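Here the structure is laid out as structure tokens; the discussion comes afterwards.
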There are 2 protein chains.
Amino acid sequence: MKLDSRKLQILQAIINDYIITAEPVGSRTVARKYNLGISSATIRNEMSDLEEMGFLEQPHTSAGRVPSDKAYRLYVDRLMRIRELTDQEAEYVKRTYQEKIMQLEQVIFQTAKVLSDITDYTSIALAPQLNKVTIRHIQLVPVDKDFALLVVVTSSGILKDTLIRIPEGIDSDFLQKVSNILNDHFQGRTFDQIDIKDIAPIREVFARNQKFFNSLVDILTGRLRESQQKEVYLGGTTNIFNFPEYQDILRARSFLNLMEEKDLLYHILSRSNDGGVKVTIGTENPHEELKECSIVTATYSLGDRVLGTIGIIGPTRMEYSKAVSVMDYMGKALSTYLTRLFGE
Amino acid sequence: MKLDSRKLQILQAIINDYIITAEPVGSRTVARKYNLGISSATIRNEMSDLEEMGFLEQPHTSAGRVPSDKAYRLYVDRLMRIRELTDQEAEYVKRTYQEKIMQLEQVIFQTAKVLSDITDYTSIALAPQLNKVTIRHIQLVPVDKDFALLVVVTSSGILKDTLIRIPEGIDSDFLQKVSNILNDHFQGRTFDQIDIKDIAPIREVFARNQKFFNSLVDILTGRLRESQQKEVYLGGTTNIFNFPEYQDILRARSFLNLMEEKDLLYHILSRSNDGGVKVTIGTENPHEELKECSIVTATYSLGDRVLGTIGIIGPTRMEYSKAVSVMDYMGKALSTYLTRLFGE
DNA sequence: TTTAGCACTCAGCGCGGGAGAGTGCTAACA
DNA sequence: TGTTAGCACTCTCCCGCGCTGAGTGCTAAA
């Protein structure tokens with residue numbers, strides 16, 4: 001059976017209607033609302049065909065039809081018209097990035113907030129992944145006789161710091177010396193490139209302070225990386241209650257539980273980090289709990305290096321045209337902002 | 001009318017039962033389950049009295065009775081028996097604090113998690129309030145030619161840091177000089193005690209770099225403080241779905257929306273910072289949205305200085321005996337842990 | 001190939017009645 | 001005088017019923 005242009009028109013009408021109303025769409029509705037110049041009976045026949053082809057589903061006999069994931073996919077790839085941001089929306093984004101926030105966390109957090117405000121979906125933003133950025137500066141800052149602060153600044157302005165206990169008899173000159181060595185070795189590298197073997201030669205500098213040396217290595221190769229990698233910021237989690245399909249308490253609950261699983265979210269989002277906007281519809285996502293959700297992601301970069309991912313998540317009946325344009329716009333706006341702030 | 005011991009017994013029975021079942025309690029239930037040696041008819045009479053005295057309420061005729069806020073207050077103050085933590089619970093807490101987490105944020109976050117895990121309520125933890133801690137060390141760390149990092153370490157191990165743009169022609173010697181001056185002036189003080197007037201004499205050191213000077217002051221007196229003050233960590237927000245009174249989607253939604261309002265939560269929690277465990281029942285809390293919730297808070301300290309507040313929030317029908325004991329225990333455990341880590 | 005007409009299906013809704021839980025009153029009892 | 005058994009009454013909850021309306025698929029005619 002061929003998907004001729006009339007079938008496409010009907011399919012598009014059904015998808016449009018269902019996205020707005022969340023109610024199964026019947027042949028009469030299509031005939032009335034969308035002047036296609038054909039009768040409901042003809043539309044009925046076409047809809048029957050579309051169902052057979054897997055684009056439509058029927059919740060039960062005597063209900064209208066609902067688009068399938070396959071239909072949404074077709075819609076996203078071929079049918080939908082990208083809808084530009086309104087002036088207000090663009091203005092809102094601009095205003096957010098006008099403030100000179102110097103802490104990256106804040107920037108990412110704000111981005112998530114803007115995304116959920118504009119789209120009314122739930123937004124997710126991943127902090128930059130450390131294996132994507134290079135180390136710009138390492139410094140051990142003496143705090144008092146027992147503690148020093150290990151600060152690592154990366155090319156994207158990420159700051160990672162930890163208090164570290166220092167053994168007795170270490171003075172600030174020694175700390176400075178260590179800082180210099182660390183900088184010499186690791187400046188310009190990514191965290192992935194920090195290798196135990198590289199570190200070995202430094203070991204001798206530490207003389208009797210092997211324990212101190214070990215904890216430094218520990219932090220640089222392990223802890224900092226982990227703590228950063230799973231940083232997931234959410235916006236508008238309770239927006240989900242706006243959708244009729246989540247009036248059911250069990251569904252809402254399982255959705256919100258899912259949003260608490262930062263590890264999972266991290267994995268879902270970080271799969272798409274090859275740049276550009278990506279749409280994952282319903283069962284295209286391998287996770288069972290997400291089979292009735294769609295996710296639209298975009299990446300953000302510093303210069304030409306992709307740093308991380310931002311995304312929104314909502315019911316499969318999502319306003320894709322808006323979602324895609326917003327994600328595209330925000331990914332670019334965030335990249336521009338970061339490059340301006342931390343550009344190399 | 002006097003609240004004799006039999007009335008108290010009956011009231012206690014009703015509260016106990018209602019806490020467990022969430023169902024209005026009838027006279028027959030009390031007679032059957034709690035062997036008080038009196039018939040349901042007598043209990044009925046007493047319940048009628050208790051209602052008149054404001055301790056019980058009736059959702060509608062032909063339903064059992066439900067304890068009022070006044071009843072819970074009486075229960076918390078006079079009737080309940082504190083229930084110690086089980087060995088597993090104590091063990092869980094101990095294990096959590098055994099790990100050497102050096103970042104305060106992590107500690108507070110973990111504390112919130114433990115609280116919600118043990119109690120099955122939603123937990124809230126405030127990061128230490130900056131006006132409660134003293135500045136231990138200030139350091140400007142050079143990053144590259146355009147940026148420096150302003151690091152402030154406080155007595156409780158709180159770290160606040162911001163990237164700050166430095167004007168051209170400032171070298172690391174100058175930064176060190178500034179750091180020294182800042183330390184001389186502010187070490188040992190609280191953020192509240194940083195006064196513009198104190199800073200004025202330093203101004204001359206900056207000579208032509210007034211703009212740099214201004215942004216430093218800005219950060220120290222304003223930005224750092226604000227960013228920290230509102231840091232609110234939540235645990236187990238979706239636990240609310242476990243309670244039958246929150247099966248209603250509107251209620252669940254308004255509760256979860258409330259939990260997103262960090263500012264509000266901050267204010268609610270920070271009211272009780274005079275040490276010890278505090279219980280706020282239903283309408284005792286001025287916030288309309290909380291009139292069917294109870295909050296149990298405790299404070300945590302470093303040495304003898306109260307730093308912040310932790311709390312749990314649940315329906316008024318809360319297991320107060322457990323809640324109070326857990327909060328008491330956790331407040332102390334957290335204080336001990338912090339004092340061990342950052343003790344002065 | 002399209003359309004009008006028609007029988008059929010099924011979810012949703014409102015209604016009514018029965019069951020069950022609980023109360024308050026009354027009268028009898030210790 | 002306090003306590004208890006008995007009973008009528010109330011009210012929510014739940015279940016089943018039938019109606020309505022939206023929508024379909026089929027058939028036959030244009």
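The shown structure was predicted, so the numbers you read here are calculated from the model rather than taken from an experiment. Quick note: numbers below take in every heavy atom, side chains included, and nothing from hydrogens, waters or symmetry partners. Below, read A as the first sequence line, B as the second, and so on, with proteins coming before strands; counting in each chain starts at 1.
Between B:E46 atom CD and C:dG24 atom C1' the separation is 15 Å, expressed in whole Å. Rounded to an integer number of Å, the gap from CD1 of A:I43 to P of D:dT24 is 10 Å. In this entry the distance linking CG of A:D49 with P of C:dT2 reads 11 Å, nearest Å. Following rounding to the nearest Å, A:D4 (CG) and C:dT1 (P) show an atom-to-atom distance of 11 Å. Atom CE in B:M47 sits roughly 16 Å away from atom C1' in C:dC25 (whole-Å rounding). Going from atom CG of B:N45 over to atom P of D:dT4 covers 10 Å, rounded to whole Å. Rounded to whole Å, atom C1' of D:dT24 lies 13 Å from atom CD1 of A:I14. For the pair A:I38 CD1 and C:dT1 P, the interatomic distance rounds to 14 Å; values are reported in whole Å.
In the set D:dT24, D:dT4, C:dT23, C:dT23 carries the atom at the smallest distance from any side-chain atom of B:R65. Taking every side-chain heavy atom of B:T29 into account, C:dG22 is the closest of C:dG22, C:dT3, D:dT24. Distances were taken from every side-chain heavy atom of A:H60 (C-beta onward) to each of C:dC10, D:dT24, C:dA4; the shortest belongs to C:dC10. Across D:dT10, D:dT12, C:dT3, the shortest atom-to-atom separation from the side chain of B:S62 is found for D:dT10. Comparing D:dT3, C:dC10, D:dT4 against the side chain of A:T61 picks out C:dC10 as the nearest.
Base contact: B:A41 has a heavy atom under 4.0 Å from a base atom. Residue A:S27 is in sugar-phosphate contact alone, with no base atom involved, counting any heavy-atom pair closer than 4.0 Å across all strands shown.
Judged by atom type and distance alone, A:R44 reaches the base of D:dG25 through a side-chain donor-acceptor pair under 3.5 Å.
In this structure, B:S39 reaches the D:dT4 phosphate: one of its side-chain N or O atoms is under 4.0 Å from OP1 or OP2. Dashed line: the shortest gap from a side-chain N or O of B:R6 to OP1 or OP2 of D:dT3 is under 4.0 Å.
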* To do: List the steps, then state whether salt bridge (charged side-chain N to carboxylate O under 4.0 Å, His left out) holds for B:D69 with B:R73.
  => CA-CA 6 Å; B:D69 289 355; B:R73 172 50 58 199; over 6 Å; no

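Between A:K322 and A:E89 there is a salt bridge, since a side-chain N of the basic residue sits under 4.0 Å from a carboxylate O of the acidic one. The pair B:E51-B:R65 meets the salt-bridge criterion, with a side-chain N (NZ, NE, NH1 or NH2) lying under 4.0 Å from an Asp/Glu carboxylate O. The existence of a salt bridge linking B:E245 and B:R251 is excluded, since no basic side-chain nitrogen approaches an acidic carboxylate oxygen closer than 4.0 Å.
Judged purely by atom type and a 3.5 angstrom limit, A:K70 uses its side chain to pair as donor or acceptor with the backbone of A:M53.
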